[in-house]
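What you see below is based on every heavy atom in this structure, not just the backbone, and it leaves out hydrogens, waters and symmetry mates.
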Amino acid sequence: RIALAAQDVSEHAVGAFTGETSVEMLRDFGARYTLVGHSERRQYHGETDAVVAAKAQRALAVGITPIVCVGETLQEREAGETQNVVKRQLAAVVQAVGHCVTELVVAYEPVWAIGTGRTASPEQAQEVHAVLRAQLAAATTQADSIALLYGGSMNAANAAQLLAQPDIDGGLVGGAALKAADFLQIIAAAD
């Protein structure tokens, strides 16, 4: 029930890319998942939607499941752009992976809630997850089989409410995973 995952992967198949981790290396170590498009990679490393899509393709090519992260900044949320932003981010990946879309995991991580102590309300999170589910349903008849995770400061206090939402299938847990007692409560809420 526990699988190895990476926080990032290179989009390049071959070549000298010092500091990058190839999907082949991850596969050799037994990794089953890798994050692609995490907000910090987008913000601090300038990753574009095209780069995220290329990373997802590379991971799928060797049998590693990409966890595709999408999410909006506070400025984008306040401007009413949340749906447009997450749909654009996911569309790039869906288009790139084609029929392999059912092999993705998608994580909605509102950037304004990561590490800030702020969390989307269960209703706000569900609204975005429903948009993502509908977008996936337009790409495949098996959209319900694609796991949608919530990744914006899920913690022991809010996990049960978030996980009770119809389109939230799990959590992409960051800082709360560092506190064993809290993480165990999140796991219990997921069960």
Side-chain angles (χ1 to χ4, degrees), residues 1-3 5-8 32-43 47 49 52 56 65-78 80-94 101-137 139 142-191:
R1 293 179 39 134
I2 296 176
Q7 292 183 340
D8 190 33
R32 291 189 35 216
Y33 300 91
T34 184
L35 297 180
V36 297
H38 191 279
S39 63
E40 292 163 2
R41 298 292 307 175
R42 291 178 189 263
Q43 179 181 356
E47 290 189 3
D49 296 340
V52 173
T65 301
I67 301 171
V68 180
C69 301
V70 299
E72 82 284 13
T73 64
L74 182 59
Q75 182 179 10
E76 291 165 334
R77 173 164 276 281
E78 290 176 344
E81 290 296 313
T82 297
Q83 292 187 19
N84 292 335
V85 170
V86 298
K87 287 169 73 174
R88 182 200 78 231
Q89 292 170 338
L90 183 57
V93 175
V94 169
V101 69
T102 58
E103 297 174 43
L104 302 174
V105 171
V106 178
Y108 169 54
E109 48 161 14
V111 179
W112 52 271
I114 298 171
T116 64
R118 297 178 65 180
T119 305
S121 70
E123 295 77 20
Q124 288 172 316
Q126 170 55 30
E127 179 182 356
V128 176
H129 279 78
V131 166
L132 296 171
R133 183 82 68 201
Q135 184 176 1
L136 292 166
Q142 299 172 327
D144 287 340
S145 70
I146 301 171
L148 297 182
L149 312 179
Y150 176 75
S153 293
M154 182 179 280
N155 58 50
N158 63 26
Q161 290 180 313
L162 287 163
L163 294 169
Q165 301 305 307
D167 289 303
I168 299 178
D169 302 316
L172 182 64
V173 181
L178 300 176
K179 302 171 189 158
D182 289 355
F183 192 47
L184 288 171
Q185 287 183 38
I186 295 169
I187 292 169
D191 282 339

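Across all their heavy atoms, Ala120 and Trp112 have their closest contact at CA-CH2, 3.5 Å. Shortest non-hydrogen contact noted between Gly37 and Glu47 is N-OE1, 4.1 Å. Contact between Val94 and Ala139 at its shortest, heavy atoms only, is CG1-CB, 3.6 Å. Across all non-hydrogen atoms, the minimal contact from Val93 to Ala56 is CG1-CB, 3.9 Å. Ser39 approaches Ile114 most closely through the heavy-atom pair OG-CD1, 3.2 Å. Nearest approach of Met154 to Gly170, heavy atoms of both residues: CE-O, 4.2 Å.
Taking a 6.0 Å sphere around CZ of Arg32, one finds it holds 12 or fewer heavy atoms contributed by other residues, nucleotides or ligands. Atom CD of Glu123 sits in a crowded spot, with more than 12 heavy atoms from other residues, nucleotides or ligands closer than 6.0 Å.
Judged purely by distance below 3.5 Å, without hydrogens or angles, the side chains of Asp167 and Gln126 pair a donor atom with an acceptor atom.
Distance check: Lys87 NZ to Gln135 CD gives 6.5 Å after rounding to the nearest 0.5 Å. Atom OG1 of residue Thr82 and atom CD of residue Glu127 lie 8.0 Å apart, to the nearest 0.5 angstrom. Distance CG/Leu163 to CG/Asn158: 8.5 Å, rounded to 0.5 Å. Rounding to the nearest 0.5 angstrom, the gap separating the CD atom in Gln185 from the NZ atom in Lys179 is 11.5 Å. One finds the CG atom of Leu148 at 9.0 Å from the CD1 atom of Ile168 (value rounded to the nearest 0.5 Å). Here CG of Leu136 is found 12.0 Å from CD of Gln142. Values are rounded to the nearest 0.5 Å.
Looking only at side-chain heavy atoms (C-beta outward), Arg77 and Val128 come within less than 4.5 Å of each other. Between Asp144 and Arg133 the shortest side-chain heavy-atom distance falls below 4.5 Å. Residues Leu35 and Leu172 have side chains in contact (heavy-atom distance under 4.5 Å, counting atoms from C-beta outward). With contacts defined as side-chain heavy-atom distances shorter than 4.5 Å, the pair Gln89/Val85 qualifies.
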How far apart are the C-alpha atoms of Val52 and Arg42, what are their side-chain angles, what is the distance that settles it, and do they pass the side chain to side chain contact (heavy atoms under 4.5 Å, CB included) test? CA-CA 9 Å; Val52 173; Arg42 291 178 189 263; 3.9 Å; yes
Test Gln7 against His38 for side chain to side chain donor-acceptor pair (under 3.5 Å), laying out the working first. CA-CA 8 Å; Gln7 292 183 340; His38 191 279; over 6 Å; no
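A donor-acceptor contact shorter than 3.5 Å links the side chain of Ser153 to the backbone of Ala113.
The side chain to side chain contact (heavy atoms under 4.5 Å, CB included) with Ile67 is formed by just one residue from the set Val106, Leu104, Leu149; it is Leu149.
Under the 30°/60° scheme for interplanar angles, the aromatic rings of His129 and Tyr150 are found to be tilted.
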